[in-house]
Amino acid sequence: MHRPTYAEPILSWYTEHARDLPWRRPDASPWAVLVSEIMLQQTPVSRVLPAYEAWLTRWPTPAALAAEPPGEAVRAWGRLGYPRRALNLHASARAIVDRHDGQVPPAYDDLRALPGVGAYTAAAVASFAYRQRHAVLDTNVRRVLARMVTGVEYPPKTQTAGEVRLAESLLPPDAETAATWGVAVMELGALVCTARTPRCADCPVIASCAWRLAGKPPYDGPARKGQTYAGTDRQCRGRLLAVLRHASGPVERAALDDAWDDVRQRERALASLIEDGLIDPLDDGRFTLPR
DNA sequence: AAGTCGTGGTG
DNA sequence: TCACCAAGACT
């Protein structure tokens with residue numbers, strides 16, 4: 001099946017409009033790229049930037065992080081959200097030291113085997129850090145391809161095999177070009193082909209965009225899932241963990257009791273945080289970040 | 001395979 | 001204002 005060639009206009013657009021992000025600089029190590037990718041999972045660039053700089057200053061290598069207790073990673077994670085990512089990054093650092101001689105592995109399968117590294121993140125590190133040819137299919141790329149190629153406003157709620165095949169079919173044959181193509185499509189989705197209000201006037205492929213050519217039909221699929229937060233277990237977990245992050249050492253149960261009113265919910269949240277390894281109960285009844 | 005897991009910015 | 005969204009992973 002013949003498709004218009006999207007690569008040249010998008011690559012040219014990227015050359016001109018790419019943001020200067022620290023993890024894209026030539027001196028960014030594979031470890032720096034991995035750290036950025038984990039932090040960027042569901043968290044906007046603007047909030048990641050300061051945490052990323054502080055993290056890499058303190059832990060410039062996997063070995064540096066691996067030498068610390070996991071609780072230090074959780075504390076340094078701050079308010080990035082989804083704190084199990086901090087635990088995953090710490091566990092990945094230790095696995096990298098143990099299994100890969102302290103070097104972030106270049107092989108996709110080895111990356112994918114690290115905790116918290118799924119299909120997207122493994123492809124991103126292999127592509128961006130090691131310049132290999134992998135389809136990087138994140139929320140931005142999925143949206144761009146849905147519009148540009150498929151002609152619909154939004155991709156399906158859950159990623160399909162068809163989307164993977166499509167992304168792979170569009171990959172430039174040359175590895176170095178493919179690596180740039182991946183980050184370029186992501187950037188296009190982040191800056192121009194945005195979810196809410198796409199800036200079609202600034203789009204380098206407006207002429208061949210299937211969604212525009214179809215008259216920009218609105219999304220007609222099932223309602224997208226809402227993410228209520230206030231009053232949820234997630235908010236409760238966040239409050240409890242914040243108490244631990246702000247404390248210099250172990251805290252009394254009373255300090256946690258003060259952080260959330262509903263007793264049942266608080267106990268459930270605390271149990272799940274302990275189960276997840278984000279909080280350790282001590283023999284004396286106090287609680288601490290994992291050591 | 002649909003739910004769960006944080007937090008904050010924004011149209 | 002408030003529902004939606006943000007470089008997902010895991011179960």
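By convention in this document, chain letters (A, B, ...) are assigned in the order of the sequence lines, proteins followed by strands, and residues within each chain are numbered from 1.
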| Distance (rounded to the nearest 0.5 Å) between Y82(A) OH and I38(A) CD1 | 14.0 Å
May I have the distance from [X] (atom [atom1]) to [N] (atom [atom2]), rounded to whole angstrom?
| X | N | atom1 | atom2 | value |
| --- | --- | --- | --- | --- |
| N88(A) | dC5(B) | CG | P | 15 Å |
| D276(A) | dA9(C) | CG | P | 17 Å |
| L240(A) | dC5(B) | CG | C1' | 14 Å |
| K157(A) | dC5(C) | NZ | C1' | 16 Å |
| I38(A) | dC5(B) | CD1 | C1' | 15 Å |
| L87(A) | dA9(C) | CG | P | 17 Å |

| Heavy atom of residues 111-145 of chain A under 4.0 Å from DNA chain B: which residues? | none
| message | So does R19(A) get a backbone contact from the side chain of E187(A), meaning a donor-acceptor N/O pair under 3.5 Å? | response | yes
| field | Sugar-phosphate only, base, or nothing, as touched by W77(A) at under 4.0 Å among non-hydrogen atoms | value | nothing
Would [X] and [Y] pass as an ion pair if we require N to O under 4.0 Å?
| X | Y | answer |
| --- | --- | --- |
| R253(A) | E267(A) | yes |
| R237(A) | D276(A) | yes |
| E72(A) | R75(A) | yes |
| R266(A) | D261(A) | no |

Say we look at [N] and [M]: how far apart would their [atom1] atoms be, to the nearest angstrom?
| N | M | atom1 | answer |
| --- | --- | --- | --- |
| dC5(B) | dC5(C) | C1' | 16 Å |
| dG8(B) | dA9(C) | P | 23 Å |
| dG3(B) | dC4(C) | P | 15 Å |
| dA1(B) | dG8(C) | C1' | 16 Å |

| Can you list the residues that meet the side-chain contact (heavy atoms from CB on, under 4.5 Å) rule with L11(A), with sequence neighbours excluded? | A7(A), T177(A), T180(A), W181(A), A184(A)
| said: Both S272(A) and R199(A) contact DNA chain B. Which one's nearest nucleotide lies toward the 5' end? | reply: S272(A)
Below 3.5 Å between N/O atoms, which protein atoms pair up with nucleotides 6-9 of chain B? Just atom names and distances, please.
from: dG6(B); atom 1: OP2; to: R237(A); atom 2: NE; distance (Å): 2.3
from: dG6(B); atom 1: OP2; to: R237(A); atom 2: NH2; distance (Å): 3.3
from: dG6(B); atom 1: O4'; to: Y82(A); atom 2: N; distance (Å): 2.9
from: dG6(B); atom 1: N7; to: Y82(A); atom 2: OH; distance (Å): 3.3
from: dG6(B); atom 1: N7; to: R234(A); atom 2: NH2; distance (Å): 2.6
from: dG6(B); atom 1: O6; to: Y82(A); atom 2: OH; distance (Å): 3.0
from: dG6(B); atom 1: N1; to: Q42(A); atom 2: O; distance (Å): 3.3
from: dG6(B); atom 1: N2; to: Q42(A); atom 2: O; distance (Å): 3.2
from: dG6(B); atom 1: N2; to: T43(A); atom 2: OG1; distance (Å): 2.9
from: dG6(B); atom 1: N2; to: L80(A); atom 2: O; distance (Å): 3.0
from: dT7(B); atom 1: OP2; to: Y229(A); atom 2: OH; distance (Å): 3.1
from: dT7(B); atom 1: O3'; to: R79(A); atom 2: NE; distance (Å): 3.4
from: dT7(B); atom 1: O2; to: R47(A); atom 2: NH2; distance (Å): 2.5
from: dG8(B); atom 1: OP1; to: R79(A); atom 2: NE; distance (Å): 2.2
from: dG8(B); atom 1: OP1; to: R79(A); atom 2: NH2; distance (Å): 3.2
from: dG8(B); atom 1: OP2; to: R79(A); atom 2: NH2; distance (Å): 2.8

| said: Show the nearest heavy-atom pair for residues T43(A) and L80(A), with the distance to one decimal. | reply: OG1-O, 3.2 Å
| field | Ring centroid separation W55(A) to W77(A) under 6.0 Å | value | yes
